[in-house]
Visitor: 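Below are the structure tokens for one structure; questions will follow.
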Amino acid sequence: MAKKVTLSLIKADVGSVAGHTAPHPRMLSAAKSVVLDSVKKGIIEDFMLARCGDDISILMSHDKGENNEKVHKIAWDAFMAAAEEAKKMHLYGAGQDLLAEAFSGNIRGLGPGAAEMTFEERKSEPVVALLADKTEPSAFNLPLARIFADPFTTTGLVIDKRMHDGFFFEVVDVKEHKKIKISTPEGLYDLLAFIGDITRYAIKRVISKDNSIGIAAVVSTEKLSLIAGKYVGKDDPVALVRTQSGLPAVGEVLQPFGFPALVSGWMRGSHWGPWYPATQDDSNPTFFDGPPRIVALGFHITDGKIQGIEEESRPGEHLPIDYFKDSAWDYVRRQAMEHAIYIRRHGPFMPSILPPEELEYTTLPEIRKKLEKAWEPAD
Ligand code: F6R
Ligand code: MG
Ligand code: MG
């Protein structure tokens, strides 16, 4: 029997150096020692720590299923440890995404974002983790629709018989906490009618119609601002995508990021900006706190463990493939910067800034109040 494995990718922004830029290495070490300890105790099988901009992501492989209290607590404790370090150094936004005083059984609703999937490990199990900074969960709507429903992106939909029937998309309505499952290709236009509205609908899961495969992709769809009822930072999302052998090839998963599509949530969570594909090391948001970064990391799940590559300079460490390191992406980065500079020329005017109801915070009600009496009937 194939081994059943759960991947839990849990992320949070718990502080960063010099603005919302990058976590301090001491924060990462503090988080790492908590997670390492849980491997030693046998709670989880393996882990990988990664970052995109100011967000720390913890990927854990284990056999405890999704929403497991023990597994979520590891992530919570790791983020708390990292936040403690950030507080000691008076770093910016220390502890920002940890909205509760204490852990209470499940990390969802407490601030961090979680993308979890459970599947039977195939003979070879290549997975891509997508980590984003300065944007929000529905930013993944467009690339996931391209990857799993667009034959002009994924030729596998046309010529691989395990994909030819299409995929199911699970979409959440983040405002009303409802979800719907739509079958593609037949429901494609219905799907697009929802997910084109990125203010409200976000793809949560994509599921193969081939029962032997199961879950194909999952996104963290927590909305921090809705959880907290006020602005506390953005819900920079993460996603996991299984690939190959009846699923989109790695190249089909990455191709949509060749288009620096505009996503929302840049600077103060209140601007549109183009995706900028980056390596982990190049994910510091340096231009107007951005542009919104996307990092893609590749690895295998091998007998429940996370298998990466071993670099000569870091023996004993399994590192993921950092896909956007390749120079092929330089051209896209260039284009992204052209779009970034273009849209920034609009300053505080739409469409550079989000519509009033989507701004993470605004002074407009106070300004309205202050100038209430200055208005006169228009001619
Ligand atoms: C945070 C972010 C930043 C901040 C901005 C203002 O993830 O994306 O763009 O929103 O730097 O930060 P505050 O309001 O903390 O001064
Ligand atoms: Mg931040
Ligand atoms: Mg961030």
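Whatever order the structure lists ligands and atoms in, that order sets their numbers, starting from 1. Note that the structure is predicted; figures quoted are calculated from it, not measured. Throughout, numbering of the chain's residues begins at 1 and tracks the sequence.
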Visitor: Can you confirm whether E357 is buried at CD, in the sense that more than 12 heavy atoms of other residues, nucleotides or ligands lie under 6.0 Å from that atom?
Guide: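 Counting other residues, nucleotides and ligands, CD of E357 exceeds 12 neighbours.
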
Visitor: Check all N, O or S atoms of H20 and name the one closest to the Mg ion (ligand 2).
Guide: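 Going by distance to the Mg ion (ligand 2), the closest N, O or S atom in H20 is ND1.
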
Visitor: Consider ligand 1: state whether an atom of it lies below 4.0 angstrom from any non-hydrogen atom of D54.
Guide: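 Within the 4.0 Å threshold, so yes.
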
Visitor: Should we count NZ of K32 as having more than 12 external heavy atoms under 6.0 Å?
Guide: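 Counting other residues, nucleotides and ligands, NZ of K32 stays at 12 neighbours or fewer.
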
Visitor: Please state which part of M267 comes within less than 4.0 Å of ligand 1, counting heavy atoms only: side chain, backbone, both or neither.
Guide: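 The part of M267 near ligand 1 is both the backbone and the side chain.
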
Visitor: May I have the angle between D236 OD2 and D54 OD1 with its vertex at the Mg ion (ligand 3), rounded to 10°?
Guide: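 About 170°, to the nearest ten degrees.
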
Visitor: Given the ring of F119, does K4 sit roughly above its face, with NZ or CZ under 6.0 Å from the centre of the six-membered ring and within 45° of the axis?
Guide: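 Verdict for F119: no cation-pi partner in K4.
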
Visitor: Consider every N or O of D289 and every N or O of ligand 1, then say whether any pair is closer than 3.5 Å.
Guide: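 Between D289 and ligand 1, an N or O pair is found under 3.5 Å apart.
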
Visitor: Is there a path of hydrophobic side-chain contacts, each under 4.5 Å between heavy atoms, that joins I198 and F169?
Guide: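 Result: no, two separate clusters.
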
Visitor: Got an N, O or S from D55 under 2.8 Å of the Mg ion (ligand 2)?
Guide: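 For D55, the answer is no, given that no N, O or S atom comes within less than 2.8 Å of the Mg ion (ligand 2).
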
Visitor: Could you walk me through whether K181 and E170 pass the salt bridge (charged side-chain N to carboxylate O under 4.0 Å, His left out) test, one step at a time?
Guide: CA-CA 4 Å; K181 197 167 165 187; E170 190 184 298; over 6 Å; no

Visitor: Does only the side chain of R268 get under 4.0 Å from ligand 1, or the backbone, or both, or neither? Count heavy atoms.
Guide: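 Both the backbone and the side chain of R268 come within reach of ligand 1.
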
Visitor: Atom NZ of residue position K179 - does it have more than 12 heavy atoms of other residues, nucleotides or ligands inside 6.0 Å?
Guide: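 Incorrect, the count does not exceed 12.
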
Visitor: Counting from 1, what ligand 1 atoms have a heavy atom of Y92 closer than 4.0 Å?
Guide: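 Near Y92, meaning under 4.0 Å from one of its heavy atoms, ligand 1 has 13 (P), 15 (O), 16 (O).
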
Visitor: Need the atom name: nearest N/O/S atom of D13 to the Mg ion (ligand 2).
Guide: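 Output for this pair reads OD2.
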
Visitor: Can you say whether the rings of F103 and W76 are parallel (under 30°), tilted (30 to 60°) or perpendicular (over 60°)?
Guide: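 Tilted.
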
Visitor: When the ring planes of Y201 and F194 are compared, do they come out parallel, tilted or perpendicular, using 30° and 60° as the limits?
Guide: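 Aromatic pair Y201/F194 classed tilted.
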
Visitor: Nearest N/O/S atom of D133 with respect to the Mg ion (ligand 3), by atom name, please.
Guide: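 Atom name returned: OD1.
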
Visitor: Just to check, does Y361 reach to within less than 4.0 Å of ligand 1 when the distance is taken from its heavy atoms?
Guide: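 Under 4.0 Å: yes for Y361.
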
